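Taking it in order: structure first as structure tokens, then the write-up.
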There are 2 protein chains.
Amino acid sequence: MSPRPKFALDITTIIEAAGEIADQYGMQEVTLANLAKKLGIRPPSLYNHFDGLTGLRKKLAIYGIDKLYRRMADAAIGVSGTNAVIAVSQAYVNFARFHPGIYEATLLAPDPEDVEVQEAGAKIVDLTVRILQAYQLEGDHALHAVRGLRSILHGFSSLEQKGGFKMALDLDESLVIIIQAFLAGIGDGQ
Amino acid sequence: MSPRPKFALDITTIIEAAGEIADQYGMQEVTLANLAKKLGIRPPSLYNHFDGLTGLRKKLAIYGIDKLYRRMADAAIGVSGTNAVIAVSQAYVNFARFHPGIYEATLLAPDPEDVEVQEAGAKIVDLTVRILQAYQLEGDHALHAVRGLRSILHGFSSLEQKGGFKMALDLDESLVIIIQAFLAGIGDGQ
DNA sequence: CATTTTAACTAATGATGTTAGTTAAAGCAA
DNA sequence: TTGCTTTAACTAACATCATTAGTTAAAATG
């Protein structure tokens with residue numbers, strides 16, 4: 001492939017390829033060398049599309065956060081109350097299950113303070129706030145509850161992914177029971 | 001330093017040095033090059049003490065899990081019931097706060113299925129089981145509750161470390177409220 | 001049609017992990 | 001003490017990686 005080929009790669013194709021490598025082999029295999037090989041170009045050519053490995057990780061993180069948000073938002077359609085929280089929670093852990101590498105990328109943003117990364121993440125926080133509004137928590141309690149739900153979802157997904165749950169006990173059942181317990185508890189606390 | 005110096009390094013010194021690098025600069029800076037520099041030796045010499053970067057990560061993971069376990073076990077002395085769970089939880093998140101790199105290492109074991117890594121982690125699970133026994137959960141409910149508590153602790157610590165909690169709201173207060181809600185909920189569910 | 005832009009390329013550099021083989025001091029046994 | 005073995009350092013070399021600089025030719029633009 002000589003300079004300026006007929007069909008230049010676009011950034012979406014590249015990020016999707018990176019996501020496939022991540023899901024199949026893990027984020028540690030998302031290298032410029034591997035990505036270039038998969039795309040049939042040479043590593044330095046990638047610098048025309050993003051700013052090095054750091055830039056790639058940032059783009060992949062945002063791509064993943066957006067994708068996760070869409071799954072959660074979809075799951076929230078047409079449900080409310082406890083059902084909504086459970087549906088969104090299941091969407092979250094399923095995303096982490098079926099896209100382990102992309103989920104990993106989500107947490108590996110080079111700079112979590114980056115504006116674009118923040119904005120992507122804020123949508124998920126907002127969604128969580130909204131589905132917890134049904135519980136009519138007062139003041140700070142709503143914010144504490146959001147932190148709790150996010151902790152459960154991330155912790156559960158992360159531990160499941162890292163093989164942290166060894167017992168022969170249904171994982172989906174665990175999740176529902178955990179969420180129900182938490183929701184019952186934050187209701188009581190009022 | 002020529003071959004066979006008077007005072008050879010021992011593995012504990014080496015792992016502690018690696019832990020310091022991790023806590024100060026993050027796990028991505030725990031390289032054989034950086035570790036050798038800190039110890040005043042050349043990178044290949046490290047192969048006399050562990051099996052390459054993979055071996056170092058495994059040893060550091062076990063070192064971290066043991067250290068975390070001791071903090072949790074200490075916190076569990078002389079307390080029971082909800083107080084015990086809260087004390088242990090605070091010990092957990094404080095460990096992650098003051099040893100962010102070592103906590104990170106804890107999750108970066110090259111092979112989570114490794115026997116030694118499993119055994120180290122099992123002690124934490126056992127401790128969690130024991131402090132939840134006060135709640136007299138029946139059968140599988142106890143196991144689901146353990147998964148829930150671990151998810152909260154890991155998720156909370158991980159999100160806090162990655163700057164996931166942006167709101168100006170006291171973190172320690174959040175943790176206590178979250179734990180109390182969860183405990184109240186698993187009691188109800190019986 | 002001439003110019004500019006673009007997205008690929010080659011070549012080279014520095015950092016890393018790793019292996020192989022070497023060496024000299026410590027440890028130990030006769 | 002003497003002599004052998006073990007050990008923990010070393011140098012040298014290599015492969016892989018990210019990255020930079022400079023080049024090129026085709027597409028895009030006027």
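The chains referred to below are lettered A, B, ... by the order of the sequence lines, with proteins before strands, and numbering in each begins at 1. Model, not experiment: these values are computed from the prediction.
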Side chain of B:Pro44, heavy atoms from C-beta onward: which of D:dA18, C:dA8, D:dA12 has the nearest atom to it? D:dA12

Testing D:dA9, D:dA12, C:dG17 for proximity to the side chain of B:His49, the answer is D:dA9

Within this structure, what is the CZ-to-P distance between A:Arg57 and D:dC17, rounded to whole angstrom? 13 Å

Candidates C:dG17, C:dC9, D:dA9 - which lies nearest the side chain of B:Tyr47: C:dG17

Classify A:Ser45 by what it touches in the nucleic acid, base, sugar-phosphate, or nothing, heavy-atom distance under 4.0 Å. base

Which of C:dT16, C:dA11, D:dA18 is nearest the side chain of A:Leu32? It is D:dA18

Can you check the A:Leu35 CG to D:dT19 C1' distance for me, whole Å? 15 Å

What is the distance, rounded to the nearest whole Å, between atom CG of B:Leu39 and atom C1' of D:dC10? 15 Å

Length of the line joining B:Gln28:CD and C:dT16:P, which is rounded to integer Å: 13 Å

Between A:Asp51 and A:Lys58, is there a side-chain N and carboxylate O pair less than 4.0 Å apart? no

Among D:dC17, C:dA8, D:dT19, find the nucleotide with the atom closest to the side chain of A:Ile41. C:dA8

For A:Arg42 and C:dA8, is the shortest distance between a side-chain N/O and OP1 or OP2 below 4.0 Å? no

Testing C:dC9, D:dT11, D:dA18 for proximity to the side chain of A:Leu53, the answer is D:dA18

Of all heavy-atom pairs between A:Pro112 and B:Lys162, which one has the smallest distance, and what is that distance? CB-O, 3.5 Å

Given A:Tyr92 and A:Tyr69, is the ring-ring contact (aromatic ring centres under 6.0 Å, His included) satisfied, shown in steps? CA-CA 9 Å; A:Tyr92 188 107; A:Tyr69 168 73; over 10 Å; no

SB check B:Lys67 B:Glu16 (cutoff 4.0 Å): no

To the nearest angstrom, how far is A:Leu56 atom CG from D:dA18 atom P? 10 Å

How many whole angstroms separate atom CG of B:Asn48 from atom C1' of D:dT11? 14 Å

Whether A:Arg147 engages the ring of B:Phe165 as a cation-pi pair (distance to the six-membered ring centre under 6.0 angstrom, angle to the ring normal within 45°) should be assessed. yes

